[in-house]
Amino acid sequence: MVLRARIAGCGAYLPAQRLSNDELAALHGLDTSDAWIRERTGIGFRHMAAPGETASEMGAAAAREALAHAGAQASEVDAILVATSTPDSAFPATAVRIQAQLGVTRGFAFDMAAACTGFVYALGVADSLIRSGAARCVLVIGTEVFSRILDWTDRGTCVLFGDGAGAVLLRAEPGAGTTADRGILSCHLHADGRHGDILHIEGGAGSTGGAGLLRMAGKEVFRHAVTKLAAVVDEALAANGMTHADINWLVPHQANARIIEAMGRKLNLPRERVVMTVERHANTSAASIPLALCEARRDGRIADGDLVVMEAIGGGLTWGAAIARF
Ligand code: UT7
């Protein structure tokens with residue numbers, strides 16, 4: 001008998017303000033166009049946090065929905081893992097702010113910084129906590145307010161990102177130790193710090209300088225994304241003795257429709273088996289996978305028994321994949 005981390009519920013939160021490409025361009029006086037943004041990225045809209053709205057508030061809203069979806073009480077939660085690059089403050093962790101907002105008074109809570117790969121990293125750590133018996137009921141949350149770290153004079157980055165939060169509730173359940181078990185089957189995490197500067201935040205707490213704004217060498221990240229994501233998905237499938245044909249759904253990090261479509265083709269998946277939210281959400285970094293997962297699970301696309309592959313790449317460089325059966 002093994003312990004499995006079953007995805008028992010999921011939740012999402014998107015701020016009320018929603019801006020089209022044209023509205024964003026007009027608001028910030030950007031020399032860009034809806035046509036350029038759509039053609040290069042697939043992005044049409046993004047949500048923006050209200051002034052004063054924090055990553056913890058958005059994360060708590062998504063977590064409440066995940067708890068309700070799972071039919072769980074906040075008092076059952078014994079660990080909260082938050083993936084974010086835009087925490088309320090360097091410390092205390094956004095995870096403990098969420099813990100307090102949910103009224104959870106037991107267990108432990110901490111943040112993880114792996115940029116856009118943060119949710120996959122947090123799933124991997126949560127899965128290990130559950131398999132080891134260290135925790136039985138874990139909230140994994142991705143929450144981001146990238147609108148606060150964008151350079152509104154850099155049209156090459158500021159049009160790409162949006163704000164939002166997504167959450168899943170993981171519950172320990174006995175499994176047979178086969179790939180027919182429900183829950184997370186495996187997570188595969190990677191980092192290569194030699195590429196740390198191609199996507200980073202210049203400045204911030206503890207830094208010797210910089211205004212705390214995002215910088216990206218987009219073409220270089222794109223090049224790494226296409227090769228590393230395909231390799232890590234193949235690594236995850238091989239670890240479970242599976243092939244592309246076993247995948248029911250791909251739920252990728254939502255950075256760019258061209259990267260997502262290339263991955264779908266590599267995996268021989270028809271378009272309708274690839275969950276895409278990038279047109280409506282833009283890139284919400286660590287929140288993008290749980291937002292997409294929640295949408296497809298709650299609208300009935302992802303059914304009980306389905307095999308779901310999640311993959312992401314982001315600042316670090318970090319990248320990874322997770323395979324789960326619902
Ligand atoms: O979430 C973490 C992972 N991140 C990613 O996966 C992002 C990966 N990278 C990308 O998605 C793409 O590289 C971008 C969408 C960021 C950029 O697309 P690109 O095809 O690599 O364009 P580029 O940066 O090479 O720029 C091409 C042209 C340039 O003009 P010139 O030099 O050819 O005259 C840019 O100045 O497009 C120009 N440009 C724009 N034009 C209109 C850059 N941004 C804009 C813009 N509107 N917003």
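All ligand and atom numbering here is 1-based and tracks the order in the structure.
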Between [X] and ligand 1, find which residue part has any heavy-atom pair under 4.0 Å and reply side chain, backbone, both or neither.
{"X": "Leu30", "answer": "neither"}
{"X": "Ala225", "answer": "neither"}
{"X": "Ile313", "answer": "backbone"}

Kindly list each side-chain donor-acceptor pair under 3.5 angstrom involving residues 310-317, sequence neighbours excluded, with atom names and distances?
none

Practice prompt. Could you establish whether Thr157 and ligand 1 come within less than 4.0 Å of each other, counting only heavy atoms on the residue side?
Written response: no

Shortest protein contact, [atom] (heavy atom only):
{"atom": "atom 43 (C) of ligand 1", "result": "Trp36 CZ2, 3.5 Å"}
{"atom": "atom 15 (C) of ligand 1", "result": "Thr41 CG2, 3.5 Å"}
{"atom": "atom 8 (C) of ligand 1", "result": "Gly218 O, 3.6 Å"}
{"atom": "atom 1 (O) of ligand 1", "result": "Asn283 ND2, 2.7 Å"}
{"atom": "atom 2 (C) of ligand 1", "result": "Cys116 SG, 3.3 Å"}
{"atom": "atom 35 (C) of ligand 1", "result": "Arg155 NH2, 4.0 Å"}
{"atom": "atom 20 (O) of ligand 1", "result": "Arg40 NH1, 2.7 Å"}
{"atom": "atom 14 (C) of ligand 1", "result": "Asn256 ND2, 4.6 Å"}

Quick check: does [X] get an N/O under 3.5 Å from an N/O on ligand 1?
{"X": "Thr32", "result": "yes"}
{"X": "Ser33", "result": "no"}
{"X": "Ile259", "result": "no"}

Would you say the side-chain atoms of [X] pair up with the backbone N or O of [Y], donor to acceptor, closer than 3.5 Å?
{"X": "Glu23", "Y": "Ser20", "result": "yes"}
{"X": "Asn240", "Y": "Ala236", "result": "yes"}
{"X": "Thr41", "Y": "Ile37", "result": "yes"}

Practice prompt. Report yes if the side chains of Asn248 and Val308 come closer than 4.5 Å at any heavy-atom pair, otherwise no.
Written response: no

Discussion item. If you define the side chain from C-beta out and look only at heavy atoms, does anything of Leu214 sit under 4.5 Å from Phe146?
Written reply: yes

Proximal ligand 1 atoms for [X], defined as those under 4.0 Å from one of its heavy atoms:
{"X": "His253", "value": "1 (O), 2 (C)"}
{"X": "Gly156", "value": "44 (N)"}
{"X": "Val221", "value": "3 (C), 4 (N), 5 (C), 6 (O)"}
{"X": "Leu199", "value": "2 (C)"}
{"X": "Leu160", "value": "16 (C)"}
{"X": "Arg258", "value": "18 (O), 20 (O)"}

Less than 4.0 Å between [atom] and some protein heavy atom, yes or no?
{"atom": "atom 29 (C) of ligand 1", "result": "no"}
{"atom": "atom 33 (O) of ligand 1", "result": "no"}
{"atom": "atom 24 (O) of ligand 1", "result": "no"}

Worksheet entry | Option from Asp306, Val309, Val274 for which side-chain contact (heavy atoms from CB on, under 4.5 Å) with Ile247 holds | Val309

Worksheet item: Just how far is it from atom OG1 of Thr143 to atom CD of Glu57, taken to the nearest 0.5 Å?
Response: 9.5 Å

Worksheet item: Any Lys/Arg nitrogen of Arg301 or Glu295 sitting under 4.0 Å from an Asp/Glu carboxylate oxygen of the other?
Response: yes

Worksheet entry | Phe45 six-ring face occupied by Arg18 cation (under 6.0 Å, within 45°) | yes

Discussion item. For the residue pair Glu144 / Thr86, report whether a side-chain donor-acceptor contact shorter than 3.5 Å exists.
Written reply: yes

Worksheet item: Are Met263 and Val120 connected in the hydrophobic side-chain network, where two residues link if heavy atoms are under 4.5 Å apart?
Response: no

Discussion item. Give me each pair satisfying salt bridge (charged side-chain N to carboxylate O under 4.0 Å, His left out) with a member in residues 90-107, each pair once, sequence neighbours excluded.
Written reply: Asp78-Arg106

Item to complete: Assign the ring pair His224 / His195 to parallel, tilted or perpendicular, where the plane angle (0 to 90°) is split at 30° and 60°.
Response: tilted

